[in-house]
Engineer: 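Quick one: structure below, then a few questions.
Quick caveat: nothing in here was measured; it's all calculated off a predicted structure. What you see below is based on every heavy atom in this structure, not just the backbone, and it leaves out hydrogens, waters and symmetry mates.
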Amino acid sequence: MVSYYCNNCKIAVEKSECPICNKRTEMKSELYWCPSCNIPLYEETCPLCHGRGAYFTSDARPVFPEERLLVEIMLDQPFAFLHDSVWNGTGNRYYVNGKRIPFSVSNLRRYDPEEIRAKLERYKPQNSYGPFNEMIGRWIQANAQHFHFITTEARQYVSGYSQRFLNTDNVASFVSFSGGKDSTVVSDLVRKALSNPSVIHIFGNTTLEFPQTYEYLERFRKENRKTPMLRAENRDQDFFDLCEVFGPPSRTLRWCCNIFKTGFIGEKIKRTFDADNKAVLTFYGIRRSESASRNTYERSSVGRKISKQLVASPIIDWLDYDIWLYLLTTGIDFNDAYRLGYTRVGCWCCPNNSRWSQFLASIYMPEQSKRFHDILYRFAVKMGKENPEEYVASGGWKARQGGAGIELSKNVAIEFKPCATDAKSFNYVLNKPITRELYELFKPFGVLKFDMGNPRLGEVYILDHKTMQPIMKLQGRLGTDELRITILSTPIAHRIKTAEIELKFKCQITKYQLCAGCHACETVCKQNAIKLIKVGETGYQYRYEIDEGKCNHCCECINHYTGGCYMRRVLLPRGKGYSENEQ
C-alpha cells in the first residue's frame with residue numbers, strides 16, 4: 001500500500017499534497033506477497049484467499065516470458081521458472097514465487113552477448129505465455145480495488161484540471177507521447193477522461209528510439225485512427241556525427257536532448273497550436289519514483305524547458321506496479337521492448353541508462369551497439385585515457401564533465417583587452433572574423449542603426465527600443481577579428497552596473513564563436529523570434545537569426561544559460577589548469 005504523511009501538519013493524508021497546507025507530503029510504499037495465490041498484493045490481506053501476505057518489496061513489475069528466458073539462460077537453467085511467478089523488485093532484484101533468486105546484473109561483462117543471442121533464438125520457439133497469463137489473471141483480480149481507485153483518481157484529476165483551462169480559446173492541449181509505458185497509460189487516461197479520442201499526441205523522435213518503439217508507434221496509429229499522432233524530429237543532424245564533434249553525452253551534459261528533442265518538440269508545439277498567442281496544456285507521463293530529480297516535480301506546473309507550457313502529470317505518484325496493473329488490466333497495447341527486460345524506453349544509448357539496458361542493447365541491437373562502442377573508444381583515445389576499453393566498459397564516459405580535448409572547446413574562451421582610456425569600453429579579439437551574423441546577436445539589446453556610425457571604422461549604434469536613444473556602440477570591420485563595444489547609457493539588458501552589462505556582451509560573443517546548432521535558444525524565446533539556419537554540410541554549422549518584428553527585447557535569450565550558451569557548458573574545458581571564471 002501507499003501512505004502519505006505531512007511533516008508540516010504532522011498528519012497522515014490520502015494524497016501527495018496535504019489538503020490543509022497544500023505542501024508536498026512524504027510517500028511510503030509497501031507491497032505484500034500472498035504465498036497461497038503466488039502473487040504480489042497491494043493490501044496485506046489477499047482479496048482472493050483472504051490469507052495474510054508478507055512484506056515483499058516497495059515496488060515491483062512482472063517479468064515477461066522473454067525476459068524470464070533471458071535470465072534462465074544467463075543462469076544456465078533454460079525454462080527453470082516457466083511455471084513460476086517471476087517478478088522484478090526494487091533494486092533490480094529478481095524474485096521467483098516471492099523469494100529472491102541469486103541473480104545479479106552487477107557483473108555483466110562475463111557474459112557473451114553473441115552466445116546469449118544464439119541461445120535465445122534456439123529456445124524461443126519453446127517459450128510459452130500460458131502460465132504467465134494465468135498468474136497475471138489472478139494478480140489482476142486480486143488488485144482490482146486498487147486499480148479502480150488509482151484510475152478513478154487520475155481521471156478525475158485530468159477532467160478537473162482540463163476544465164480550468166480548456167474552456168477558453170487561449171489554451172490548447174496535447175499528450176506528450178514517447179512510446180513508453182507511462183505515456184501509453186496517460187494517453188489512455190486522458191482520452192477516456194475527456195471522452196475525446198481526437199486529443200493530439202506529439203511524439204518526439206530523437207532518431208535513437210528502440211526499434212520496438214517505432215513498431216509500437218505504427219500499431220498505435222492503426223489502432224487509434226481518430227487520434228492525431230504528430231512527429232517532431234531533427235532531420236538535419238546526425239547523433240553519431242555530433243558525438244565525434246562534441247564528445248558523447250554524459251549524465252550532466254546531455255546535449256542530445258536539446259538538439260534532438262526539446263527544441264523540435266517546442267517548435268512543433270508552436271506550429272501546431274499557434275503558440276505565439278496560446279498557452280499549451282501538456283499531459284505528461286512523468287512519475288516521481290523514476291528518479292531523484294523527478295521526485296521534486298509538481299503534479300501541475302509551468303513547463304521548465306518549453307515556454308508557454310502548462311504541465312499536467314496525472315500519474316505522477318504511480319509506482320511501476322500501478323503502471324503494469326493498468327496496462328494488463330485494460331489490455332491495451334504497449335511497447336514490446338518491456339517484454340525483453342527494458343525497464344525504460346527512450347534513447348537506447350542514453351547515458352542515464354543502466355548497465356542492464358546497455359547489456360540488452362548489445363544483445364538485441366548488436367550493430368548499433370557496436371557503432372556507439374567504437375565512437376566511445378575513439379573519444380577515450382582522444383582524451384588520452386590510459387585504458388580506453390575500460391573507460392568505455394565501466395561507463396566512465398557517462399561521468400564526463402567538460403570539453404577538454406575537443407577541438408570546438410577552443411572557441412569557448414573570449415580574449416579580452418582592457419581599454420586604458422575608457423572604463424566603459426571593452427576590446428575583444430574574436431576566434432573568428434566578424435560577419436553580419438555578429439550583429440544579429442546584438443538585436444536583443446535594442447534597435448541596430450548601421451547608418452549612424454562611421455562605416456570605415458565598422459561602427460554600428462544600438463538604440464533603446466523605447467526611447468530610440470543610443471545606448472551602446474559596436475566597432476569592428478567585417479572580416480577582422482577585433483571588436484570594441486562601448487556603453488553610452490544605461491540600463492542595458494535590464495542592468496545598470498558596468499560589470500554586469502559586460503557579462504551580457506560576453507554571452508552574445510560566446511554564441512557567435514560557439515553556436516553549433518543546439519536549438520536551445522529557439523526554445524527559450526517566448527516570442528518565437530530566434531531561428532537557426534543550417535549553412536554548411538556538417539551537423540554543427542548554423543546561422544543565428546533574430547526576427548526584429550517578433551523580438552520584444554526581454555533579453556531572456558541572453559540570460560537563460562550561464563555564459564549565454566548551452567553548448568558552452570558542454571564544451572568548457574574542466575579539470576586541472578582550467579577555470580570557468582577565467583573563460
Side-chain angles (χ1 to χ4, degrees), residues 29-35 37-41 53-136 139 181 210 212 289-290 319-321 323-324 328 335-345 348 352-366 369 393-395 398:
S29 61
E30 292 182 340
L31 300 178
Y32 302 88
W33 187 269
C34 176
C37 301
N38 210 21
I39 53 172
L41 304 169
Y55 174 76
F56 178 40
T57 184
S58 59
D59 198 2
R61 62 176 177 83
V63 174
F64 290 89
E66 292 88 343
E67 182 183 2
R68 188 214 73 238
L69 178 59
L70 171 62
V71 171
E72 291 167 337
I73 288 173
M74 294 174 71
L75 290 171
D76 201 20
Q77 302 177 55
F79 303 114
F81 312 129
L82 176 62
H83 298 282
D84 297 318
S85 182
V86 186
W87 292 76
N88 183 281
T90 303
N92 205 15
R93 300 179 178 95
Y94 285 85
Y95 297 84
V96 175
N97 300 331
K99 305 294 183 182
R100 185 180 174 184
I101 62 172
F103 175 79
S104 174
V105 298
S106 61
N107 188 16
L108 297 171
R109 291 197 228 176
R110 62 191 180 95
Y111 296 102
D112 182 354
E114 291 187 16
E115 182 180 333
I116 291 177
R117 190 183 313 116
K119 289 183 178 179
L120 283 170
E121 287 299 316
R122 185 196 317 165
Y123 292 118
K124 182 179 178 180
Q126 305 170 48
N127 208 6
S128 171
Y129 259 79
F132 174 85
N133 289 337
E134 291 178 10
M135 180 271 294
I136 289 297
W139 177 62
K181 63 185 187 303
F210 292 102
Q212 293 83 3
S289 63
E290 289 183 293
L319 306 174
D320 274 357
Y321 190 83
I323 294 293
W324 287 111
L328 297 175
N335 195 319
D336 285 335
Y338 295 110
R339 301 180 189 273
L340 305 179
Y342 290 103
T343 57
R344 297 176 67 180
V345 301
W348 61 268
N352 281 338
N353 286 349
S354 65
R355 291 186 184 181
W356 177 243
S357 292
Q358 288 178 251
F359 179 70
L360 293 175
S362 68
I363 294 174
Y364 296 108
M365 305 175 62
S369 184
S394 66
K398 297 181 179 181

Engineer: Establish, yes or no, whether a centroid distance under 6.0 Å links the rings of F132 and W139.
Structural biologist: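 F132 vs W139: aromatic centres not under 6.0 Å.
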
Engineer: Do T90 and S58 meet the criterion of a side-chain donor-acceptor pair at a distance under 3.5 Å?
Structural biologist: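 Their side chains do contain a donor-acceptor pair, which is all the 3.5 Å distance test asks for.
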
Engineer: Taking the six-membered ring where the residue is Trp, are the ring centres of Y94 and F103 under 6.0 Å apart?
Structural biologist: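 Yes, the ring of Y94 comes within the 6.0 Å limit of the ring of F103, centre to centre.
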
Engineer: Do L69 and I73 have side-chain heavy atoms sitting under 4.5 Å apart?
Structural biologist: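 When only atoms from C-beta onward are counted, I73 and L69 do touch, with a gap below 4.5 Å.
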
Engineer: Within the distance-only criterion (no hydrogens, no angle test), does the side chain of Y338 pair as donor or acceptor with the backbone N or O of K181 below 3.5 angstrom?
Structural biologist: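 Checked: pair present.
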
Engineer: Does the side chain of N38 reach to within under 4.5 Å of the side chain of M135, using non-hydrogen atoms?
Structural biologist: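 No, their side chains stay 4.5 Å or more apart.
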
Engineer: Starting at CD of E72, measure out to CZ of F79 and round the result to the nearest 0.5 Å.
Structural biologist: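 That separation rounds to 7.0 Å.
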
Engineer: Tell me the closest heavy-atom pair linking S29 and L319, and the distance in Å.
Structural biologist: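 For S29 and L319, the tightest heavy-atom pair comes out as CB-CD1, 3.8 Å.
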
Engineer: Drop me the distance from I116's CD1 to Y111's OH, to the nearest 0.5 angstrom.
Structural biologist: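 The distance works out to 7.0 Å.
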
Engineer: With a 3.5 Å distance limit and no angle check, can you tell me whether D59 reaches the backbone of D320 through a side-chain donor-acceptor pair?
Structural biologist: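 It does hold such a pair.
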
Engineer: Return the minimal non-hydrogen interatomic distance between C37 and C34, and the atom names on each side.
Structural biologist: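 Looking at all heavy atoms of both residues, the shortest contact is N-SG, 3.3 Å.
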
Engineer: Would a distance-only check, ignoring hydrogens and angles, find a side-chain to backbone donor-acceptor pair under 3.5 Å from T57 to A60?
Structural biologist: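 Side chain of T57 to backbone of A60: no pair is present.
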
Engineer: State whether the number of non-hydrogen atoms from other residues, nucleotides or ligands found under 6.0 Å of N107 atom CG is greater than 12.
Structural biologist: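 Yes, the 6.0 Å shell around CG holds more than 12 heavy atoms from other groups.
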
Engineer: Check the pair E134 / Y129 against side-chain hydrogen bond (donor to acceptor under 3.5 Å, both in side chains), numbers first and verdict last.
Structural biologist: CA-CA 9 Å; E134 291 178 10; Y129 259 79; over 6 Å; no

Engineer: Do I136 and W324 have side chains that get closer than 4.5 Å, going by heavy atoms?
Structural biologist: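 Result no, sub-4.5 Å side-chain heavy-atom pair not found.
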
Engineer: Salt bridge or not between K119 and E114? Use side-chain N to carboxylate O under 4.0 Å.
Structural biologist: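 No.
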
Engineer: Per the ring pair (Phe, Tyr, Trp, His ring centres under 6.0 Å) rule, which among F210, W356, F64 passes with Y342?
Structural biologist: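 One option only clears the test, and that one is F210.
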
Engineer: How long is the gap from CG on N97 to NE2 on H83, to the nearest 0.5 Å?
Structural biologist: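 Between atom CG of N97 and atom NE2 of H83 there are 12.0 Å.
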
Engineer: Counting only N and O atoms by type, is there a donor-acceptor contact under 3.5 Å from the side chain of N88 to the main-chain atoms of Y95?
Structural biologist: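 Looks like no, no N/O pair under 3.5 Å.
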
Engineer: For residues G341 and R61, report the shortest heavy-atom separation together with the two atoms involved.
Structural biologist: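 Heavy atoms of G341 and R61 come nearest at O-NH2, 4.0 Å.
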
Engineer: Looking only at non-hydrogen atoms, find the nearest pair between P78 and D76 and report the distance.
Structural biologist: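 Looking at all heavy atoms of both residues, the closest pair is CD-C, 3.5 Å.
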
Engineer: Is any side-chain heavy atom of S394 closer than 4.5 Å to a side-chain heavy atom of R109?
Structural biologist: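 Yes, their side chains come closer than 4.5 Å.
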
Engineer: With heavy-atom distances below 4.5 Å as the criterion, would you say the side chains of L70 and L360 are in contact?
Structural biologist: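 A side-chain contact exists here, since the closest heavy-atom pair is under 4.5 Å.
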
Engineer: Could you check if a side-chain atom of Q358 sits within less than 4.5 angstrom of a side-chain atom of K398, using non-hydrogen atoms only?
Structural biologist: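 Yes, close enough: below the 4.5 Å cut-off.
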
Engineer: Would you name the heavy atoms of G53 and Y32 that are closest together and state the gap between them?
Structural biologist: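 Taking every non-hydrogen atom into account, O-CD2, 4.1 Å.
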
Engineer: Is there side-chain contact between L340 and I363, with heavy atoms separated by less than 4.5 Å?
Structural biologist: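 A side-chain contact under 4.5 Å is absent here.
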
Engineer: Which of parallel (below 30°), tilted (30 to 60°) and perpendicular (above 60°) describes W87 and Y321?
Structural biologist: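 Taking Y321 first and then W87, their aromatic rings sit tilted (interplane angle of 30° to 60°).
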
Engineer: Got a second to check how far R93's CZ is from R100's CZ, nearest 0.5 Å?
Structural biologist: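 So the gap between those two atoms works out to 5.0 Å.
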
Engineer: Can you tell if the side chain of S85 reaches within under 4.5 Å of the side chain of V96, non-hydrogen atoms only?
Structural biologist: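 In short, these two side chains do not touch, never coming nearer than 4.5 Å.
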
Engineer: Determine the minimum heavy-atom distance between R117 and S362, stating which atoms define it.
Structural biologist: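 Reported closest heavy-atom pair: NH2-O, 2.8 Å.
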
Engineer: Cation over ring, R68 on F81, under 6.0 Å and within 45°?
Structural biologist: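 No; the conditions do not both hold, so R68 does not lie above the ring face of F81.
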
Engineer: Supply the atom-to-atom distance L41 CG to I39 CD1, rounded to the nearest 0.5 angstrom.
Structural biologist: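 Those atoms lie 5.0 Å apart.
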
